[in-house]
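Inspection log for the structure reproduced underneath, given as structure tokens.
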Amino acid sequence: MITENKHQIKVWDGFVRFFHWALVGSIALLYFSGEEGWMSVHFVAGFSVLTLVLTRLIWGVIGSDTAKLSRLFHGPKAVWQSITTPSESIGHNPAGSYMVLLFLALILAQATSGLMTTDDILTEGPLVAVVDSSWVELASRLHRLIFDGLLIAIALHISAIVIYRLRGKHLVKAMVSGTMQASTQTVPQIKSGWIAFIIWLVLQVAIFSTWGLESFKSLFN
């Protein structure tokens with residue numbers, strides 16, 4: 001009987017892990033602040049999500065192998081096989097890759113529409129004053145609909161995590177530690193996450209100084 005030798009390999013860099021968990025917290029904060037009418041908190045969280053996603057897209061071009069956006073695109077056959085015939089994957093498998101692309105698209109659309117959204121009473125996004133009213137109306141409607149779609153995607157994501165856990169794959173553990181047990185001898189190139197953190201901080205300063213100072217200051221008033 002042949003025993004498969006497995007060893008610990010680094011699969012996720014520090015920024016990808018930070019991005020994942022910061023996004024989880026930020027989306028939860030966006031939901032509760034929106035429901036409770038804490039609009040200053042909602043705007044601050046929204047700007048933070050925007051900087052996270054923009055940094056993730058940049059890191060998807062220049063970052064670690066497992067963070068590359070190019071690794072997220074697969075044919076339907078590969079996606080189906082990853083669902084029906086589970087196998088070892090370093091990073092996201094084809095089905096998981098489609099979920100990542102869906103999340104990035106939904107969150108980017110949600111953040112962008114939020115910039116042009118108004119409640120016609122007290123609060124409005126920073127681009128409301130500079131775009132046509134028809135765009136504001138469309139963005140305000142989409143901002144509500146997209147979040148409903150995002151909640152459905154989150155439910156599917158959690159269900160997939162549970163299913164993979166029952167199959168013996170510890171996806172959450174890998175996203176916390178950054179490592180996994182693998183039999184492959186091909187180790188992905190993992191770059192320093194500090195590069196991405198610097199990009200993220202620059203974007204944070206740029207976006208908050210342009211659009212978010214008033215919302216941020218109001219948190220302390």
Side-chain angles (χ1 to χ4, degrees), residues 9-27 30 44-79 81-82 87-116 126-127 139 142 146 149-150 153-154 156-157 160-161 171-172 174-180 182 184-212:
I9 66 169
K10 185 79 172 179
V11 65
W12 300 118
D13 62 62
F15 177 76
V16 169
R17 286 179 282 144
F18 167 77
F19 167 80
H20 182 276
W21 298 114
L23 200 59
V24 170
S26 296
I27 290 175
L30 280 170
V44 168
F47 293 137
S48 296
V49 165
L50 182 59
T51 61
L52 281 169
V53 174
L54 291 177
T55 307
R56 179 64 181 88
L57 293 175
I58 295 171
W59 195 236
V61 176
I62 66 173
S64 305
D65 285 348
T66 50
K68 291 287 179 64
L69 295 177
S70 59
R71 290 177 57 127
L72 299 177
F73 294 92
H74 303 274
K77 183 178 179 180
V79 174
Q81 286 180 340
S82 70
S87 60
E88 183 177 83
S89 297
I90 306 303
H92 297 295
N93 68 12
S97 296
Y98 271 43
M99 182 58 71
V100 173
L101 289 172
L102 177 62
F103 270 122
L104 289 175
L106 286 173
I107 294 168
L108 187 59
Q110 181 71 1
T112 303
S113 64
L115 297 175
M116 297 179 284
L127 296 184
L142 287 176
I146 293 170
L150 189 57
I154 291 170
L156 290 173
H157 183 56
I161 289 173
L171 301 183
V172 174
M175 191 56 73
V176 171
S177 67
T179 62
M180 64 175 286
T184 181
Q185 298 302 313
T186 304
V187 179
Q189 181 186 12
I190 304 298
K191 295 185 179 180
S192 173
W194 287 110
I195 300 170
F197 279 112
I198 292 171
I199 295 171
W200 173 67
L201 286 173
V202 170
L203 288 175
Q204 282 273 82
V205 171
I207 287 178
F208 272 92
S209 61
T210 303
W211 293 327

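Side chains included, hydrogens not; waters and symmetry mates left out as well; all remaining heavy atoms used.
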Check: Just wondering, do L115 and F47 contact through their side chains at under 4.5 Å, heavy atoms?
Finding: yes
Check: Does any N or O in the side chain of T112 come within less than 3.5 Å of the main-chain N or O of A109, such that one atom is a donor and the other an acceptor?
Finding: no
Margin query: For a quick test of reading the model, state the closest non-hydrogen atom pair linking Q110 to L142 and the distance between them.
Written below: OE1-O, 4.2 Å
Check: Are the side chains of R17 and V176 in touch, meaning some heavy atoms are under 4.5 Å apart?
Finding: no
Note to self: Check whether D13 reaches the backbone of S192 with its side chain - one donor and one acceptor, N or O, closer than 3.5 Å.
What the structure shows: no
Checklist line | Non-hydrogen side-chain atoms of S48 and Q204 separated by less than 4.5 Å | finding: yes
Notebook entry, point to check: Under a 4.5 Å cut-off applied to non-hydrogen side-chain atoms, are V61 and K68 in contact?
Noted result: no
Notebook entry, point to check: CG of L52 to OG of S26: how many Å apart, nearest 0.5 Å?
Noted result: 5.5 Å
Note to self: Restricting to non-hydrogen atoms, name the atom on F208 and the atom on V44 that form the minimum distance, rounded to 0.1 Å.
What the structure shows: CZ-O, 3.6 Å
Notebook entry, point to check: Going by distance alone, is a donor N or O of one side chain under 3.5 Å from an acceptor N or O of the other, for T66 and S64?
Noted result: no
Next item on the list: Taking the six-membered ring for Trp and the single ring otherwise, decide whether the centroids of F15 and W194 are under 6.0 Å apart.
Entry: no
Checklist line | Smallest separation among heavy atoms of V11 and G91, with atom names | finding: CG2-N, 3.4 Å
Checklist line | Distance in Å, I195 CD1 paired with I58 CD1, rounded so as to fall on 0.5 Å steps | finding: 12.5 Å
Margin query: If you define the side chain from C-beta out and look only at heavy atoms, does anything of D65 sit under 4.5 Å from I90?
Written below: no
Check: Are H20 and W12 close enough that some pair of their side-chain heavy atoms sits under 4.5 Å apart?
Finding: no
Notebook entry, point to check: Taking atom OG1 of T55 and atom CG of L203, what is their separation to the nearest 0.5 Å?
Noted result: 4.5 Å
Margin query: Would the distance check show the side chain of R56 and the main-chain N or O of A67 forming a donor-acceptor pair, the cut-off being under 3.5 Å?
Written below: yes
Notebook entry, point to check: Does the pair F19 and W59 meet the rule for a ring-ring contact (aromatic ring centres under 6.0 Å, His included), with working shown?
Noted result: CA-CA 11 Å; F19 167 80; W59 195 236; over 10 Å; no
Next item on the list: Please examine the side chains of L30 and V49, heavy atoms only from C-beta on, and report whether any two atoms are closer than 4.5 Å.
Entry: yes
Side-chain donor-acceptor pairs of residues 95-108 under 3.5 Å, sequence neighbours excluded:
{"from": "S97", "atom 1": "OG", "to": "N93", "atom 2": "O", "distance (Å)": "2.9"}
{"from": "Y98", "atom 1": "OH", "to": "H74", "atom 2": "O", "distance (Å)": "2.5"}

Check: Within a strict 4.5 Å, meaning less than it, do heavy atoms of the I62 and I199 side chains meet?
Finding: yes
